[in-house]
Amino acid sequence: MHHRVREIIAAVPPGRVATYGDIAALAGVPNPRQIGWVLREDGGDLPWHRILRATGVPAEHLRTEQLALLRAEGVVAHGSRVDLRRYRWDPDADHD
DNA sequence: TACATGACTCTTT
DNA sequence: CAAAGAGCCATGT
């Protein structure tokens, strides 16, 4: 399960973002909180900064760095909120 | 075994 | 659009 989640997060391309819920759904994990758990335990080598809350706002303790990393990839945040309508990763449309 | 915690989400106010 | 409450599941004590 752990592995499946890592796999999917690793597949999120630069300049795109996904929510905890998105990853959970794709990985077949019932509770999005588990995604956060995986990242905390074993997310050091993953693009964790591409994972946001459903609101588009990153987890509070990561807010600053996460937004900075995203901005470096071209993902701009308005205030602390990223426009998901624009940057949300679509697994079926990653063919570009 | 029971209770508390947490990189969360959804629905209702 | 923001705030509050309930639901959720793996871990640690």
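Throughout, protein chains are lettered first and strands after them, A, B, ... in sequence-line order, and every chain is numbered starting at 1. The figures here come from the full heavy-atom set of this structure, side chains too, leaving out hydrogens, waters and symmetry mates.
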Say whether A:Leu39 and A:Val17 are linked into one hydrophobic cluster, either directly or through other cluster members, by side-chain heavy-atom distances under 4.5 angstrom. no

How long is the line joining CH2 of A:Trp37 and P of B:dA4, in whole Å? 22 Å

Please name the residue in the list A:Ile23, A:Val5, A:Val29 that meets the side chain to side chain contact (heavy atoms under 4.5 Å, CB included) test with A:Gln34. A:Val29

If a pair satisfies salt bridge (charged side-chain N to carboxylate O under 4.0 Å, His left out) and one of its residues is in residues 30-44 of chain A, list it, with sequence neighbours excluded. A:Arg6-A:Asp42

Could you check if a side-chain atom of A:Trp89 sits within less than 4.5 angstrom of a side-chain atom of A:Ile8, using non-hydrogen atoms only? yes

Gap separating the CD1 atom of A:Ile35 from the CD1 atom of A:Ile9, nearest 0.5 angstrom: 6.0 Å

Provide a list of protein-nucleic acid N or O atom pairs under 3.5 angstrom, restricted to nucleotides 3-8 of chain C.
residue, atom, partner, partner atom, Å
C:dC8, O2, A:Asn31, ND2, 3.2

For DNA chain B, determine which residues of residues 51-67 of chain A have any heavy atom closer than 4.0 angstrom to one of its atoms, and list them numerically. A:Arg53, A:Ala54, A:Ala59, A:His61, A:Leu62

Looking at every heavy atom in both A:Pro58 and A:Ser80, which two are closest together, and how far apart are they? CD-O, 3.3 Å

Whole Å only: how far is the CD1 atom of A:Ile23 from the C1' atom of B:dT9? 15 Å

Atom CG of A:Leu26 and atom P of B:dT9: how far apart are they, to the nearest Å? 13 Å

Mind checking whether A:Tyr20 and A:Val12 sit in one hydrophobic cluster, side chains of I, L, V, M, F, W, Y counted as touching below 4.5 Å? yes

Which residues within residues 69-85 of chain A lie with some heavy atom under 4.0 Å of an atom in DNA chain B? none

A:Thr19 side chain near A:Arg88 side chain, heavy-atom distance below 4.5 Å: yes

Give every donor-acceptor pair under 3.5 Å between a side-chain atom in residues 64-78 of chain A and any protein atom, sequence neighbours left out.
residue, atom, partner, partner atom, Å
A:Gln66, NE2, A:His49, O, 2.9
A:Gln66, NE2, A:Ile51, O, 2.6
A:Glu73, OE1, A:Gly15, N, 3.1
A:Glu73, OE1, A:Arg50, NE, 3.0
A:Glu73, OE2, A:His49, NE2, 3.0
A:Glu73, OE2, A:Arg50, NE, 3.2
A:Glu73, OE2, A:Arg50, NH2, 2.7

Whichever hydrophobic residues join A:Val57 through chains of side-chain contacts under 4.5 Å: none

Please state how far atom CD1 in A:Ile35 lies from atom C1' in B:dG6, giving the value in whole angstrom units. 14 Å

Atom CZ of A:Arg40 to atom P of B:dC8: distance rounded to whole Å? 10 Å

A:Trp48 side chain near A:Leu62 side chain, heavy-atom distance below 4.5 Å: yes

A:Leu39 has an atom CG; how far is it from atom P of B:dA7, in whole Å? 11 Å

